[in-house]
Amino acid sequence: MIPYGRQSISQDDLDAVIEVLQSDFLTQGPMVPRFEAALAEACGAGFAVASNSATSSLHLACLALDLGPGDRLWTSAVSFVASANCGRYCGADVDFVDINPLTGNLCLEALAQKLKTASQSGTLPKVLVVVHLAGQSLDMAAVVALTKPYGIKLVEDASHAIGAWDGSHKVGSCAHSNICVFSFHPVKPITSGEGGAALTNDPTLAERMALLRSHGITRDPMEMPAPPDGDWYYAMLELGFNYRMTDLHAALGLSQLKKLPDLMARRQRLAAQYDKALPAPWRPLRIARPEHCAYHLYVAQLPGISLGDKAALFHSLREKGIGVNLHYIPIPNQPYYQALGQRPGDYPGAQQYYRESLTLPLFADMTDEQLKAVLEALR
Ligand SMILES: *Cc1c(COP(=O)(O)O)cnc(C)c1O
């Protein structure tokens with residue numbers, strides 16, 4: 001089976017991990033801060049807080065932004081469920097914004113409309129989580145123009161988009177958001193095994209996320225309400241979690257980060273080949289600036305196909321050894337969110353995208369022969 005995505009691991013990655021295994025620290029050693037500094041530097045952000053997954057980082061981001069019961073979080077109707085679940089972890093209500101079915105990204109007109117309605121009914125969100133689907137950044141300046149008048153805080157779920165640009169800024173620079181989250185799961189653009197990070201330019205948010213990542217515990221006397229009892233002392237200031245990244249994972253992440261430009265160029269080259277060679281009536285996802293897209297996924301669409309016909313096609317492609325996939329089932333379609341009152345029909349753009357889209361194999365080490373095999377199977 002040609003997978004839809006997979007990691008690219010080379011000897012320098014192996015060496016980096018082995019070096020940590022032979023060192024004094026497997027976790028909470030020097031590698032996590034080094035990885036964090038390199039991430040912040042690569043993206044042009046002030047701070048990076050690494051964790052054991054993007055799901056954890058999204059949770060930390062929402063906590064740091066004081067999202068809680070009685071608050072609302074909005075996110076894109078098409079994403080991985082983690083983009084929404086972070087709101088539920090905080091006890092907030094979650095609602096969705098429809099997408100543009102041609103790009104898979106949040107639809108700015110739908111957002112503008114929903115904001116207007118919500119401001120009239122007093123149901124505005126505290127936090128909006130935007131998603132850069134497939135590695136294409138949303139127009140963040142346009143999002144800010146819509147949300148700023150209402151004081152809505154912005155989190156970018158950039159799990160697909162490390163290395164991408166929004167036109168003028170790097171994704172992760174947080175030029176237009178409070179916090180930007182990356183995932184380092186093996187299928188994502190670069191991997192640490194499992195892992196995530198939250199980037200921000202706000203030192204208070206960074207400190208709060210770092211505190212909550214490790215049980216809400218500090219060893220810094222300056223942060224304690226009273227002088228420490230002795231040198232052994234630590235103070236738990238808030239109810240936190242164990243969301244720490246290990247040094248093993250950070251070493252792999254750091255090694256991979258160095259190769260990001262090369263890995264991304266290889267995915268962009270393959271995506272351009274798909275774009276040129278997709279047989280009719282397939283069409284690629286609409287990517288405004290391919291040179292700015294991280295191409296975590298290659299999504300192709302069949303205009304007008306029914307969900308039933310797509311299921312049959314999906315099955316036959318898998319039988320031919322083509323590891324197609326689907327990113328994503330609209331989150332409001334999930335039984336959990338329907339039980340909370342969501343109605344899939346309220347998101348026609350998401351439903352069209354769901355019917356028409358398929359993820360084709362794309363990963364840095366994909367060969368031209370593999371790409372040809374996928375195109376042949378599509379024909
Ligand atoms: C993969 C992914 C996540 C979750 O990432 P983990 O690191 O596996 O927790 C969240 N959001 C999106 C959009 C993703 O693709």
Side-chain angles (χ1 to χ4, degrees), residues 3-7 32 35 39 48-63 73-90 94 96-97 99 103-106 127-138 140 154-164 171-172 177 179-199 209 213 241-246 248-250 252-253 256-257 267 285 293-299 325-332 334 336-337 350 353-354 357 359 362-363:
Y4 82 86
R6 65 162 285 147
Q7 68 274 17
V32 170
F35 182 39
L39 274 172
V49 178
S51 77
N52 58 5
S53 73
T55 303
S56 302
S57 288
L58 286 165
H59 186 193
L60 293 172
C62 290
L63 289 168
L73 175 145
W74 288 3
T75 190
S76 173
V78 169
S79 183
F80 185 53
V81 292
S83 309
N85 293 349
C86 52
R88 298 294 301 144
Y89 296 155
C90 298
V94 169
F96 301 93
V97 182
I99 62 155
T103 66
N105 272 339
L106 192 143
V127 173
L128 172 66
V129 177
V130 301
V131 181
H132 304 313
L133 200 88
Q136 169 167 239
S137 176
L138 257 179
M140 289 303 293
L154 287 179
V155 174
E156 296 172 81
D157 181 347
S159 294
H160 299 184
I162 189 167
V171 171
S177 68
I179 297 171
C180 178
V181 170
F182 295 130
S183 171
F184 307 117
H185 181 279
V187 297
K188 305 295 161 82
I190 59 168
T191 187
S192 63
E194 290 270 12
L199 281 69
M209 291 191 287
R213 165 179 67 178
F241 302 85
N242 180 354
Y243 282 169
R244 292 189 306 269
M245 178 178 269
T246 75
L248 288 167
H249 294 86
L252 179 54
Q256 290 257 304
L257 182 61
R267 287 195 308 273
L285 201 63
C293 180
Y295 281 106
H296 160 53
L297 300 174
Y298 189 85
V299 176
N325 216 312
L326 208 157
H327 300 91
Y328 295 91
I329 305 160
I331 308 177
Q334 295 295 347
Y336 174 83
Y337 283 101
Y353 174 92
Y354 180 43
S357 303
T359 304
L362 177 74
F363 46 95

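Both counts, for ligands and for their atoms, begin at 1 and track the order of listing. Just the heavy atoms: all of them, side chains too, but no hydrogens, waters or symmetry mates, feed the values below. Source: prediction; values computed, not measured.
Across S56, S57, S51, a single residue satisfies side-chain hydrogen bond (donor to acceptor under 3.5 Å, both in side chains) together with S53, and that is S56. Under the ring pair (Phe, Tyr, Trp, His ring centres under 6.0 Å) test applied with H327, the options F80, Y298, Y4 reduce to a single match, Y4.
Contact annotation for F182 and ligand 1: no heavy atom of the residue comes within less than 4.0 Å of the ligand. If you look at D157 next to ligand 1, the close heavy atoms, those under 4.0 Å, all belong to the side chain. Using a 4.0 Å cut-off between heavy atoms, H296 makes no contact with ligand 1 at all. Of all the heavy atoms of S53, the ones lying under 4.0 Å from any atom of ligand 1 are found in both the backbone and the side chain. Heavy atoms of H160 found under 4.0 angstrom from ligand 1 belong exclusively to the side chain.
Under the 4.0 angstrom criterion for non-hydrogen atoms, S79 is in contact with ligand 1. Residue contacts with ligand 1: G195 is included, with a non-hydrogen atom under 4.0 Å away.
In this structure, CD1 on I190 lies 12.5 Å from NE2 on H296, to the nearest 0.5 angstrom. One distance of note links CG of L138 with OG of S177; it measures 11.5 Å at 0.5 Å rounding.
Compare H185, K188, H132, E194 by their heavy atoms: the one nearest to atom 1 (C) of ligand 1 is in K188.
Taking every heavy atom of A82 and a limit of under 4.0 angstrom, the matching atoms of ligand 1 come to 10 (C). Of all the atoms in ligand 1, the ones that sit under 4.0 Å from a non-hydrogen atom of S159 are 2 (C), 3 (C), 10 (C), 11 (N), 12 (C), 13 (C), 14 (C), 15 (O).
With a 6.0 Å radius and a threshold of 12 heavy atoms from other residues, nucleotides or ligands, I329 has its CD1 atom at or below the threshold.
Residue contacts with ligand 1: V131 is placed with no nitrogen or oxygen under 3.5 Å of a nitrogen or oxygen of the ligand (distance criterion only). Residue Y328 places at least one N or O, backbone or side chain, under 3.5 Å from an N or O of ligand 1.
Nearest to atom 9 (O) of ligand 1 among the protein's heavy atoms is T55 OG1, 2.5 Å.
Defined by atom type and a distance below 3.5 Å, a donor-acceptor pair is missing between the side-chain atoms of N105 and Y353.
At least one side-chain heavy atom of H59 sits less than 4.5 Å from a side-chain heavy atom of F241. By the 4.5 Å heavy-atom criterion applied to side chains, C62 and L73 are counted as neighbours.
Aromatic ring centroids of F184 and H249 lie 6.0 Å or more apart.
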